[in-house]
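What's counted below: heavy atoms across the whole structure, side chains too, no hydrogens, waters or symmetry copies. Chain naming here is simple, since letters A, B, ... match the order of the sequence lines and numbering starts at 1 in each.
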Protein chains: 2
Amino acid sequence: MSSSSQRVLAVVRRQILNGERMPGEKITEVGIAAEMDVSRTPTRTALATLAAEGLIEKRSGRGFTVRSISSADVEKSIAVRAALEALAARTMAENGMPKSAEDALLQSIAYTEKVLDADEPDPDYMDGYQEANILFHETIMYQCGNDLIAHAYERIAMLPLAALGSLAFDRTNPRRELQRLTVGHSQHIIIFDAIKKRDAARAEAMMREHSHATLNYADLFVKRIYETGGAAAETAALK
Amino acid sequence: MSSSSQRVLAVVRRQILNGERMPGEKITEVGIAAEMDVSRTPTRTALATLAAEGLIEKRSGRGFTVRSISSADVEKSIAVRAALEALAARTMAENGMPKSAEDALLQSIAYTEKVLDADEPDPDYMDGYQEANILFHETIMYQCGNDLIAHAYERIAMLPLAALGSLAFDRTNPRRELQRLTVGHSQHIIIFDAIKKRDAARAEAMMREHSHATLNYADLFVKRIYETGGAAAETAALK
DNA sequence: CAAACAGATTTTGTATCCAAAGTTAAGATC
DNA sequence: GATCTTAACTTTGGATACAAAATCTGTTTG
């Protein structure tokens with residue numbers, strides 16, 4: 001794909017994820033094309049991609065609508081991601097850890113360690129922690145030796161909160177967040193160790209546990225967001 | 001999508017899976033469009049879908065090429081399918097088995113039982129067994145309560161041998177095949193029982209074991225096909 | 001003989017036009 | 001007043017035209 005269709009895809013996707021386009025909102029080829037000042041052709045390919053990603057739904061003869069995401073949907077997408085990640089961890093343990101993967105994982109671990117060892121929790125580091133977390137998970141996903149895992153993952157990656165690192169840092173409770181990070185970090189180390197020692201069963205089990213913890217946390221977090229989601233979304237739409 | 005693009009998609013996909021289009025063979029929008037006597041527009045959407053399915057690869061500026069599938073690729077796709085199916089079995093056990101799913105699963109089990117109880121193995125029944133097998137697996141996949149599992153599955157379903165029921169019946173060794181079917185059938189019954197009793201751990205473990213057995217069998221089977229694949233493919237291309 | 005340049009060809013991306021399918025709304029009829 | 005019918009409109013799918021980008025080829029030059 002090239003510039004026009006890529007631009008439309010990126011812009012509309014961002015608008016949906018940012019809540020600028022409300023769930024249930026109608027989306028048509030002509031509407032988007034006029035709005036973005038391009039023809040229907042690139043708009044078409046962009047909308048097809050968004051539909052494949054699950055962000056919009058096709059209503060035969062009535063255009064597309066922005067898909068409304070329930071907290072149940074979020075749980076579902078995280079469950080699928082967890083299963084794929086567990087498989088990826090097992091696969092990398094079986095195939096052996098490539099040098100490039102080892103470097104990336106160690107880099108992720110080192111960064112997180114630096115954050116946790118700081119004298120007092122610095123909120124600015126937390127963004128970095130997110131990056132380090134994403135690096136850890138994506139490294140295992142993409143370098144495990146089975147590219148189809150990442151391929152399947154990418155199909156659900158755009159759904160809210162299925163994306164790695166989509167969990168925001170809860171600034172109202174920094175101590176609890178730090179505890180969560182500490183536990184997550186220890187799990188990362190165990191997973192790294194298990195893969196390095198080619199203990200496939202342990203790597204898979206630990207990754208499963210790790211994802212499950214994230215899932216439980218996300219569950220609580222999401223319910224808090226989505227219960228007040230109506231107001232927040234309206235605010236976003238009004239500006 | 002409508003008739004033209006759907007037709008192009010179905011035809012080209014079948015051609016690739018049948019070996020009528022060789023791995024590495026060049027595919028262009030204009031070429032397919034002329035061959036199928038349609039314009040480039042539906043051809044383009046069809047090729048985009050095939051690329052998403054992983055059957056063809058995009059070579060920027062040089063059209064697409066039919067992806068060559070190694071036996072390693074087959075193993076990979078089956079591993080992903082197995083992980084998704086295990087998750088589906090667990091999920092349905094957790095959520096409870098819908099009535100429609102119970103009917104379908106019992107129908108599948110009953111049909112397979114009839115095949116196995118026949119006085120002598122009738123090869124004609126084997127096609128029916130494949131259908132019953134597909135029914136069993138798809139019912140769990142599509143009615144487990146997490147539609148994203150099926151969504152992810154459909155992204156890899158078209159890769160050779162990842163598709164349910166793509167394993168042909170080995171007619172040269174009917175007794176062994178019957179044994180395999182018998183074991184598989186017993187596993188189906190256990191999986192059904194575990195889901196019905198909402199024993200999620202057992203359902204997941206049993207489905208994992210079941211898929212693993214299929215994987216191991218597929219491995220042997222595939223290597224036999226693909227080792228002689230060059231000759232067979234050439235034959236297909238020459239006629 | 002190798003490398004580089006230029007022209008030709010292929011391939012793709014975008015715009016626009018046309019037709020078909022389906023949806024909505026208004027009016028007529030019972 | 002309710003329902004059926006019809007007509008206008010919306011929306012999408014497909015065809016064609018055009019332009020730009022990339023690749024290939026053939027020739028020329030060092």
Side-chain angles (χ1 to χ4, degrees), chain A residues 1-16 20-68 151 154-155 158 237, chain B residues 1-16 20-68 151 154-155 158 237:
Chain A
M1 289 189 197
S2 100
S3 98
S4 271
S5 64
Q6 286 287 56
R7 213 180 72 242
V8 174
L9 174 61
V11 168
V12 177
R13 182 158 60 198
R14 185 172 47 70
Q15 289 173 337
I16 292 174
E20 293 167 44
R21 294 191 186 272
M22 296 285 296
E25 183 179 329
K26 186 169 160 188
I27 288 190
T28 62
E29 284 182 14
V30 280
I32 297 292
E35 225 173 287
M36 303 280 301
D37 201 41
V38 292
S39 85
R40 273 179 53 215
T41 311
T43 305
R44 230 154 122 176
T45 69
L47 293 187
T49 304
L50 287 173
E53 287 175 354
L55 286 179
I56 60 179
E57 272 176 342
K58 188 167 190 173
R59 298 262 247 232
S60 178
R62 273 179 292 176
F64 298 82
T65 54
V66 177
R67 184 171 172 186
S68 60
H151 188 257
E154 283 164 4
R155 298 301 128 187
M158 287 305 161
Chain B
M1 288 192 198
S2 98
S3 100
S4 269
S5 65
Q6 287 286 58
R7 212 181 73 242
V8 174
L9 174 61
V11 168
V12 177
R13 182 158 60 199
R14 185 173 46 70
Q15 289 174 336
I16 292 174
E20 293 168 46
R21 294 192 186 272
M22 296 283 296
E25 183 179 328
K26 185 170 160 189
I27 288 190
T28 62
E29 286 183 11
V30 279
I32 298 293
E35 225 172 288
M36 302 279 301
D37 201 42
V38 292
S39 84
R40 275 177 52 215
T41 309
T43 305
R44 167 177 267 176
T45 68
L47 293 187
T49 304
L50 288 173
E53 287 174 354
L55 285 179
I56 61 179
E57 273 176 341
K58 189 168 189 172
R59 298 262 247 234
S60 180
R62 272 179 292 175
F64 298 81
T65 54
V66 177
R67 184 172 171 185
S68 60
H151 187 259
E154 283 165 3
R155 298 301 130 186
M158 288 308 159

Gap between atom [atom2] of [Y] and atom [atom1] of [X] - 0.5 Å precision:
X: B:Glu25; Y: B:Ile16; atom1: CD; atom2: CD1; answer: 8.5 Å
X: A:Thr41; Y: A:Glu29; atom1: OG1; atom2: CD; answer: 8.5 Å
X: B:Glu53; Y: A:His151; atom1: CD; atom2: NE2; answer: 9.0 Å
X: A:Thr43; Y: A:Ile27; atom1: OG1; atom2: CD1; answer: 11.0 Å

Salt-bridge criterion met for B:Glu35 and B:Arg21 (N-O under 4.0 Å):
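Yes, this pair counts.
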Electrostatic pair A:Glu57-A:Lys26, nearest N-O below 4.0 angstrom
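No.
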Which of residues 26-36 of chain A sit near DNA chain D, with a heavy atom under 4.0 Å from it?
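Listed by number, they are A:Lys26, A:Thr28, A:Glu29.
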Using C1' atoms of five pairs at each end, report the bend of the helix from C:dC1-D:dG30 to C:dC30-D:dG1 rounded to 10 degrees.
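The value is 10°.
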Restricting both atoms to N or O, compile the protein contacts to nucleotides 15-23 of chain D shorter than 3.5 Å, with distance only.
{"from": "D:dA15", "atom 1": "OP2", "to": "B:Ser39", "atom 2": "N", "distance (Å)": "2.7"}
{"from": "D:dA15", "atom 1": "OP2", "to": "B:Ser39", "atom 2": "OG", "distance (Å)": "2.6"}
{"from": "D:dA15", "atom 1": "O5'", "to": "B:Ser39", "atom 2": "OG", "distance (Å)": "3.4"}
{"from": "D:dA15", "atom 1": "N7", "to": "B:Thr41", "atom 2": "OG1", "distance (Å)": "2.7"}

In whole angstroms, how far is the [atom2] atom of [N] from the [atom1] atom of [X]?
X: A:Gln6; N: C:dT12; atom1: CD; atom2: C1'; answer: 14 Å
X: B:Phe64; N: C:dT12; atom1: CZ; atom2: P; answer: 6 Å
X: B:Arg59; N: D:dC24; atom1: CZ; atom2: C1'; answer: 15 Å

Is the distance from OP1 or OP2 of C:dG13 to the nearest side-chain N or O of A:Ser5 less than 4.0 Å?
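So the side-chain polar atoms of A:Ser5 never come under 4.0 Å of the phosphate oxygens OP1 or OP2 of C:dG13.
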